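These values consider heavy atoms only, across backbone and side chains, with no hydrogens, waters or symmetry-generated copies. Everything quoted here is computed from the prediction, not taken from an experiment.
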Amino acid sequence: MFDKKNLYKLNIMARIYRILSKFLSKFLSKSRTLSNEPLNKVSLIVIVVIDIFILINVFTGLNDISTWPMSPAQTYPCYYQWNNYRRQTDQDKDYNIISRSLGSTSFKQSYQQAEEGHLGKVFTTCLKYAEYKDKINNPENQKTEKAINQKKSKISTIKRANNTIREQYDSTLLEKIAGQSRQQSINQVSAEQAKQKLEQNNRNISRLQQEINNLKNELLSRPESVSFIDFIKDENKFKTIRKNYQQASFWYPSIQFAFQSLFLLPLIFIALSIHKFTQRRGYGLIALISWHLLVIFFIPLIFRIFEFLQVGAIFQFIFDIISEIFGRLLFLVSYVYILFIPLIGFGIIKFFQKIVFNPKLQAASRVKKLLCINCAKKIKPDDHYCPHCGYYQYVECQSCHNITYKYLPYCKHCGACQDSVVD
């Protein structure tokens, strides 16, 4: 025999099954029928094509509005390069960041271009950062950088030549050990010549490297370079940038979700209003199309809700709690979502069942307006069956056994509660 706990679980599962079955049957019935008659194939294909076209445009609009607010990378464009500089440990890190400042475009203008067509402004410290880089990006420094690159290219050429000479040197040395004559050698130079050439090339490499170091020091000692290095070594400025960037990264998914909701909610409201109006007036085709539009507008909203739960502030909140309590056992976040997401889905279904598809709420309004409880078309006060859909409008009261309106909470004759009456 089942104990009470198992019976309770079975009752819950049965209730969920009934809710899902009723929801799906209502949804499919509304989506595939016109005036309670099945749609023909051509009409169904036309509506599906319209649905796909609108759905594509809805997702395009969502993408456009989600990128309207400036992202953290656009608001703080200097953060990544500044952070990488501070994390580097090699001796040439000052030269490397100066070298990356030399180019053909203005950094400040490039940063400010992100503001065009977007909501927000570039952080003032990053604009100051760009101004320092633009001062470095002058013809004199570009000329110095070009000379450094030319000397680096010469060093690369000499090193490639050295590799070839070493191969020949090893070969001629083996020939010499083997006592092979010079005339029979396959190499162009003798071992002595190869050794001399290698030594000469190594001296040239050392000289070029020293010249490069001198040019680097010269580049770093110029006033604009000194000012820039002092600026990026300011601990307080970087801490402010890092703090603001982290806060912006935390809130950006939530801001995107808010804008996407602002894009979808008016569409949902308009589609729902048209659907209710056309149902009352009996405009079957418009009611069907508006129902499809309502479903289409809800699909991306549900997607965005689940996406927000994965990357938004709620996810970060759960992540921080689990990290604090369980340390590095972050896989527990997945367990939380496995339990949490079905509850949200159940809540959405219950919302539609209680608010959107609640026959009791619909019946009260339709009886008052002399409309069919099922199809919402006009009927006469004495019609027991709807002449449009054939639906029976009444149910027997369990108290006085007179017929009373179906789905209304109380009997119109004796006032007895009708909540226990089964359709």
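Counting heavy atoms from C-beta outward, Lys237 and Thr240 have side chains that stay 4.5 Å or more apart. The shortest side-chain heavy-atom distance between Cys386 and Asn374 does not fall under the 4.5 Å cut-off. Counting heavy atoms from C-beta outward, Phe231 and Lys128 have side chains that approach closer than 4.5 Å. Residues Asp90 and Asn96 have side chains in contact (heavy-atom distance under 4.5 Å, counting atoms from C-beta outward).
A salt bridge is defined here as a Lys NZ or Arg NE, NH1 or NH2 lying under 4.0 Å from an Asp or Glu carboxylate O, and Lys216 with Asp92 meets this definition.
To the nearest 0.5 Å, atoms CG (Asn162) and CG (Asn202) are separated by 5.5 Å.
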**salt bridge (Lys or Arg N to Asp or Glu O under 4.0 Å) assessment of Arg207 paired with Glu211** = CA-CA 6 Å; Arg207 176 180 57 79; Glu211 291 175 358; 3.2 Å; yes

**Prompt:** Is there a side chain to side chain donor-acceptor pair (under 3.5 Å) between Arg222 and Asn141 once you walk through the steps?
**Reply:** CA-CA 9 Å; Arg222 287 173 183 161; Asn141 290 337; 2.5 Å; yes

**Request:** Determine, stepwise, if the pair Glu235 / Arg86 fulfils salt bridge (Lys or Arg N to Asp or Glu O under 4.0 Å).
**Result:** CA-CA 10 Å; Glu235 187 71 21; Arg86 296 181 64 84; 2.3 Å; yes

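The cationic atom of Lys108 (NZ for Lys, CZ for Arg) does not lie both less than 6.0 Å from the six-membered ring centre of Tyr111 and within 45° of the ring axis. At least one test fails for Lys233 against the ring of Phe228: distance under 6.0 Å to the centre or angle within 45° of the axis.
Applying the 6.0 Å contact sphere to CZ of Phe59 captures more than 12 heavy atoms from other residues, nucleotides or ligands. The local environment of NZ in Lys152 is crowded, with over 12 non-hydrogen atoms from other residues, nucleotides or ligands closer than 6.0 Å.
Here the two cysteines Cys389 and Cys372 have their SG atoms 2.5 angstrom or farther apart.
For the pairing with Tyr245, the side-chain hydrogen bond (donor to acceptor under 3.5 Å, both in side chains) check across Tyr80, Tyr76, Trp82 returns one residue only, Tyr80.
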